[in-house]
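The next block holds one structure in the form of structure tokens; read it before the comments.
Lettering of chains follows the sequences in order, A, B, ..., and the numbering in each one begins at 1.
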There are 2 protein chains.
Amino acid sequence: MMAYEQLKLDNQLCFRLYTATRLTIGAYHPYLNPLGITYPQYLVMLVLWEQNKQPVCDIAKSLLLDTNTVTPLLQRMEKMGLVKRTQGKEDARQRIVSLTKKGMEMQEQAKHIPECLTADIIKKANEEEEYMGMIPMLDKLIEGLKQPNK
Amino acid sequence: MMAYEQLKLDNQLCFRLYTATRLTIGAYHPYLNPLGITYPQYLVMLVLWEQNKQPVCDIAKSLLLDTNTVTPLLQRMEKMGLVKRTQGKEDARQRIVSLTKKGMEMQEQAKHIPECLTADIIKKANEEEEYMGMIPMLDKLIEGLKQPNK
DNA sequence: TATTTTTGCATCGTGAACGATATAATTTGA
DNA sequence: TCAAATTATATCGTTCACGATGCAAAAATA
């Protein structure tokens with residue numbers, strides 16, 4: 001049985017994206033484990049540190065995720081004492097998510113993570129420029145594909 | 001409260017990788033749904049079409065995954081009638097995974113998926129060269145980070 | 001050879017992703 | 001104004017990822 005050339009794993013861009021993502025998220029573990037949060041939870045923290053008190057839908061929009069992913073994530077984070085969720089005043093459907101004291105203080109502990117991670121990647125895979133060079137392509141890819149989530 | 005510049009979502013390479021991956025996998029849905037398989041299952045099929053009859057560990061190695069991810073995946077695929085798993089003869093610990101007739105026939109239906117996907121992405125996000133240009137960088141990134149799974 | 005270590009596979013538990021669906025509040029528009 | 005459509009959130013079920021752990025077979029080593 002012969003594989004079609006185009007079906008070979010080695011010719012798949014998506015498989016590379018998928019693998020690179022998994023491994024890169026794995027590289028965050030040494031820094032996120034001490035904080036007790038996962039990578040998706042870290043992303044939510046980034047969003048809230050940048051802009052506190054947001055309805056669930058805005059957080060979801062920033063992360064290009066649906067609420068059925070974000071809601072349980074926030075529920076776990078609330079249970080951990082990182083955020084609280086209050087009823088919206090103007091729009092009663094909305095749940096406004098805000099950082100607790102603990103959630104705000106975590107920013108200080110997290111502020112070196114990006115540079116640590118860059119350093120780790122450079123050390124293991126060399127050359128920073130190249131990775132940064134991917135950014136415009138990834139952005140274009142995301143922009144083109146993100147329609148469903150508006 | 002001010003966010004540190006480096007903690008802004010917009011400065012995160014990994015978030016882009018993560019999002020681009022999710023959206024790209026999503027772009028496979030129109031083609032994988034008719035086959036009744038998921039994207040990770042499609043990856044397993046790619047591996048087996050390229051080389052039938054492999055122990056679980058080899059499949060896992062190809063995909064840079066651990067057996068605790070691959071085993072349940074294969075169990076589901078066996079239940080769907082795509083593969084069968086037999087005891088290894090030389091090494092009794094191994095489970096040899098092979099394609100069923102149904103699994104082999106699926107290759108014919110799948111052979112146009114890569115070009116369809118490329119066409120979709122080009123149509124939505126323009127310019128093929130750029131995405132292909134990411135391949136060497138992703139490979140280097142993967143190579144540098146993949147140590148744990150050997 | 002006997003013991004230790006490693007390897008291959010499996011199971012369990014947790015946390016995402018995401019399709020499908022539900023519910024209530026808001027908005028639209030006939 | 002009142003029904004219909006939309007929006008914001010939540011719940012449920014399934015499938016991945018993956019850490020932790022267990023077990024038996026094989027390999028390494030004393």
Check: C:dA17 P sits how many Å from A:R22 CZ, rounded?
Finding: 13 Å
Notebook entry, point to check: Within this structure, what is the CG-to-C1' distance between A:N68 and D:dT7, rounded to whole angstrom?
Noted result: 15 Å
Checklist line | Phosphate contact (D:dA10 OP1 or OP2) by A:T67 side-chain N/O below 4.0 Å | finding: no
Check: How long is the line joining CD of B:Q75 and C1' of D:dT14, in whole Å?
Finding: 15 Å
Notebook entry, point to check: Are A:I135 and A:L145 connected, step by step, through hydrophobic side chains (Ile, Leu, Val, Met, Phe, Trp, Tyr) whose heavy atoms are closer than 4.5 Å?
Noted result: yes
Note to self: Output the rounded distance in Å from CG (B:L73) to P (C:dT11).
What the structure shows: 14 Å
Note to self: Go nucleotide by nucleotide along DNA chain D from the 5' end; which of A:V56 and B:T69 gets its closest nucleotide reached first?
What the structure shows: A:V56
Check: Within the side chain of A:Q6, is there an N or O that forms a donor-acceptor pair under 3.5 Å with the backbone of A:N11?
Finding: no
Give the table of side-chain donor-acceptor pairs shorter than 3.5 Å for residues 23-32 of chain B, with sequence neighbours excluded, one pair per line with atom names and distance.
unit_1 : atom_1 : unit_2 : atom_2 : d
B:T24  : OG1    : B:A20  : O      : 2.6
B:Y31  : OH     : B:D120 : OD1    : 3.3
B:Y31  : OH     : B:D120 : OD2    : 2.6

Notebook entry, point to check: Do other residues, nucleotides or ligands put more than 12 heavy atoms under 6.0 Å from the NZ atom of A:K53?
Noted result: no
Notebook entry, point to check: Is there a donor-acceptor pair under 3.5 Å between the side chain of A:Q107 and the backbone N or O of A:G103?
Noted result: no
Check: Could you give the CG-to-P distance, from B:L64 to D:dC18, as a whole number of Å?
Finding: 10 Å
Notebook entry, point to check: In whole angstroms, how far is the C1' atom of D:dA8 from the CG atom of A:L65?
Noted result: 16 Å
Check: Does a nitrogen or oxygen in the side chain of A:R95 sit under 4.0 Å from OP1 or OP2 of D:dA8?
Finding: no
Check: Are any side-chain N or O atoms of A:E50 and backbone N or O atoms of B:L9, one a donor and one an acceptor, separated by less than 3.5 Å?
Finding: yes
Next item on the list: Using heavy atoms to find the nearest nucleotide of DNA chain C for A:M77 and B:C57 separately, return the residue whose nucleotide is more 5′.
Entry: B:C57
Check: Quick one: B:L63 CG to C:dC9 P, roughly how many Å, whole number?
Finding: 14 Å
Next item on the list: State, to the nearest 10°, the angle formed by the axis through the first five base pairs of the helix from C:dT1-D:dA30 to C:dA30-D:dT1 and the axis through its last five.
Entry: 20°
Check: Contact class for B:P72 (heavy atom, under 4.0 Å): base, sugar-phosphate, or nothing?
Finding: nothing
Next item on the list: Report yes or no: does B:Y4 contribute a side-chain atom to a donor-acceptor pair with the main-chain N or O of A:E108 at less than 3.5 Å?
Entry: no
Notebook entry, point to check: Is the side chain of A:T21 donor-acceptor paired with the backbone N or O of B:L17 at a distance under 3.5 Å, no angle test?
Noted result: yes
Check: Looking at DNA chain C, which of residues 78-94 of chain A put a heavy atom within less than 4.0 Å of it?
Finding: A:E90, A:D91, A:A92, A:R93
Next item on the list: Under 4.0 Å between any heavy atoms, over every strand shown, what does A:I25 touch: base, sugar-phosphate, or nothing? Just pick one.
Entry: nothing
Check: So, the side chain of B:Q54 versus the backbone of B:V97: is there a donor-acceptor pair under 3.5 Å, distance only?
Finding: no
Notebook entry, point to check: According to the side chain to side chain donor-acceptor pair (under 3.5 Å) rule, which pairs have a member within residues 92-105 of chain B, sequence neighbours left out?
Noted result: B:D91-B:R93, B:K101-B:E105
Next item on the list: Using the side chain to side chain donor-acceptor pair (under 3.5 Å) rule, collect all pairs that involve residues 69-81 of chain B, keeping only residues at least two apart or in two chains.
Entry: B:E78-B:R85
Item checked: Side chain proximity check, A:M45 to A:M77, heavy atoms < 4.5 angstrom -> yes
Checklist line | Atom-pair distance (CG on B:D66; P on D:dA17), nearest Å | finding: 12 Å
Next item on the list: Enumerate the residues from residues 27-45 of chain A whose closest heavy atom to DNA chain C is under 4.0 Å, giving them by residue number; use none for an empty result.
Entry: A:T38, A:P40, A:Q41
